[in-house]
Each structure stands twice: as structure tokens, then as C-alpha cells.
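Got a structure here, written out as C-alpha cells. Questions coming.
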Amino acid sequence: MTKTAVKHRVIIDTEMCKGCTLCIAYCPKKVLKESEHLNKAGYHYAEPENLDQCTGCLICTLVCPEVVIEVYDE
Amino acid sequence: MKLKNAWPKYYKKGVVTHYCPGCGHGIVHRIVAEVLEELDLGKRAIGVNPAGCAVLAYLYFDFDVIESAHGRGTAIATGIKRSRPDLFVFTYQGDGDLSAIGTAETIHSANRGENICVIFINNAVYGMTGGQLAPTTLIDMKTTTTPLGRDPKYDGYPLHITDVVAQFPGVVYAERVAVDGPAGIRKTKKAITNAFKTQVEGLGYSIIEVLSPCPTNWKLSPVDSFKWVTEVMMKEFPTGVLTDKRPGKE
């Protein structure tokens, strides 16, 4: 499988994330995953996994209650 | 790299909210800040906070917010709007605040047709005090004060306060929406935009009821609580426009 170029970048403020996993559940392309590590508040924060699948639809930013997700065009 | 989603101008940056993970308040707060920015109202907006989970919302909004006594949000908003009609005034209230202790203020401000907006967050429990029975609690729903489920013979039936006030001639726009996924969040934003425009155009009272998830007191995960809003709560509280008396929309 050839790896497609990353067109969008998802940057998550991991210290402000509360690990509610809504962005992971509602991402249509399953780009995000729950981290194995904890942040300072003790939450398993969300982190991007396969960014090449991201279409930049902004659904993760729509459902995030904490406004911690930023999506950039490459 | 170009940022696709700009931070809402009237939402404070770098502040961690006190809300539980997956709470609907954070989403509705962001929507309010976004709509105020889009309609260019932030400089002359005054929000009125309730007692309840959203009591500390003034820490998160970057415009003027006043704190009200429990349930008296619409009375305070009436005073602000009547003394300064040039300002944009909205209240942000929960179900314990608006439909329990503040029923009288809510009904009479709606009956007077005050030119204010009301954002009513309905999560079917008293969130801040630990999940007790609220007037909006669903039948057979377990809370800390109804451990066997709400029995209508003893505790009464869920109160549909938005349906009540929607019948009044002074209420111009009333809609019930739900924070239950991306589509519901987009509809919530559209409803709040319509309500805010109603006041800007000077038409009168508007109320938006938002069915909002409370994962902690429902004892569900955030994702399951979103599904619970769709599958259980929307059966008792169907979403949609309840009244729309704006000119050209009747």
C-alpha cells in the first residue's frame, strides 16, 4: 500500500483535553485514537494516528466540548 | 500550514473549563461565542448566567456576563434590556434554574414578550448538585432522589416548559434542538443564530431548548450519552421548531 501524502494536520492541546473520546467516535475516517499516556490531569488524551486519511472535515472540532483541536491545511 | 478552524473571538483561550468530560455545556458555549462573532454582537452583548453547572460561564466567555439569583435570569435580562435597549441580552439557563425555581420568571417574561433570548439547557437532571430529580426528568429515569425511577403518580410528569411558553403570543421564536452529534450541533448553531437575529431585529422573545448530555449523572460514557439523547430523550422531547412568528415565516 502506497502511503498518500498528508493533506491536513490535526493538532490537539493534550494538556487541555479531557479524554471524552467524542472526536474519536465521530471521526468518519478514524484518524484519531486514545493515547496510552496520561496528561497532567490524568486523562487519556486524544491523538492523531493515521493523518493521511484526514479529509479536513472539521467534525472533530465540531463535537469537541473543550475547543482543543486545531486542523491545519498543509 | 493554514489554520482551518479559527478560535472563537469571544471565548477565552487557554482556560480549562470546570465541566465534566463530554458535557454539552462546552459545545453550546462555543456555539454562543461563534454566533456572537458572526453577527458582530460581542461588543454590546450581555449574558445572564444561572445557578447550576453554567454558574461559572463568565470565566469562559470574553464579553460582559452578569450572574443572576437562582432562576431569576429572565427577570434580570428584562431589566437590562429595558434600561439599555441598544444592548444585546441573552440568558443561559439550565433546567433546574429555568423550569424549577424560575418557572414564574420564565413564564411571565415570555408572556410579556420581552425582547430577549433564552438559551435553555435541558439535561433532565440537576447536574451541579449531584443528579437529583428535575422537573424535566424522564419517566422511569433513575436519579439520586428517585433510585427506583421517576414514578408519575408520586413525582409527576416531565415538564415541557418550552411547549408551554411557545403558545404565548409574545414568544416569537421557540425551537428545541439536541446536542447529539455533528448534525445536531449544526442545527443547534442555526437555531441560536435565528434566536439572536430575532432580538437584533427587535421582534421579541425567543427561546431555544437544547437537549444536552450529562454523562456523569446519567452514569454513561460521553459517546453513550450522546446516543441516549437521540434514542431516549428525543422521544419525550421531540426536536423541531415549536413556534415561529417572524414576518414571512408563519
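Sequence lines set the chain letters: A, B, ... in the order given, protein chains first and strands last, and positions in each chain run from 1.
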### Query
If you measure from the Lys or Arg side-chain nitrogens to the Asp or Glu carboxylate oxygens, is any gap between A:Lys33 and A:Glu49 under 4.0 Å?
no
### Summary
Greatest number of non-hydrogen atom pairs under 4.5 angstrom with chain A, of B:Gly14, B:Pro215, B:Pro182, falls to B:Pro182
#### Entry: B:Asp224 portion near chain A, given a 4.5 angstrom heavy-atom threshold
neither
### Query
Side chain, backbone, both or neither: which part of B:Tyr11 has an atom under 4.5 Å from a heavy atom of chain A?
side chain
## Note on the structure
Given A:Ile11, A:Val68, A:Thr61, the one with more heavy-atom pairs under 4.5 angstrom with chain B than any other is A:Thr61
### Query
So which of A:Leu22, A:Ile59, A:Leu58 has the biggest tally of heavy-atom pairs under 4.5 Å with chain B?
A:Leu22
#### Entry: Pair A:Glu15 + A:Lys40, salt bridge at N-O below 4.0 Å
no
### Message
Does atom NZ (A:Lys30) have a neighbourhood of more than 12 heavy atoms from anything else shown, all under 6.0 Å?
### Response
yes
### Query
Is a donor on one side and an acceptor on the other found under 3.5 Å between the side chain of B:Thr146 and the backbone of B:Gly149?
no
### Query
Does a side-chain heavy-atom distance below 4.5 Å link A:Lys18 with B:Thr17?
yes
### Query
Residues in side chain to side chain contact (heavy atoms under 4.5 Å, CB included) with A:Lys7, at least two apart?
none
### Residues which pass ring pair (Phe, Tyr, Trp, His ring centres under 6.0 Å) with A:Tyr26, listed by chain and number, not counting sequence neighbours
B:Phe226
### Task
Against chain A, work out which of B:His29, B:Arg186, B:His25 has the most heavy-atom pairs shorter than 4.5 Å and name it.
B:Arg186
### Summary
Looking only at B:Val16, B:Val179, B:Ile31, B:Ile27, the option with the highest number of non-hydrogen pairs under 4.5 Å against chain A is B:Ile27
### Task
Check each atom of B:Lys189 against the heavy atoms of chain A and say whether the ones under 4.5 Å are side chain, backbone, both or neither.
neither
### Summary
Turns out that what part of B:Leu3 lies under 4.5 Å from chain A's heavy atoms comes down to both
#### Entry: Region of B:Val28 in contact with chain A, defined by heavy-atom distances below 4.5 Å
neither
### Query
For the residue pair B:Phe61 and B:Phe63, is the inter-centroid distance of their aromatic rings smaller than 6.0 Å?
yes
### Task
Against chain B, label A:Ile69 side chain, backbone, both or neither, depending on which of its atoms sit under 4.5 Å from a heavy atom there.
backbone
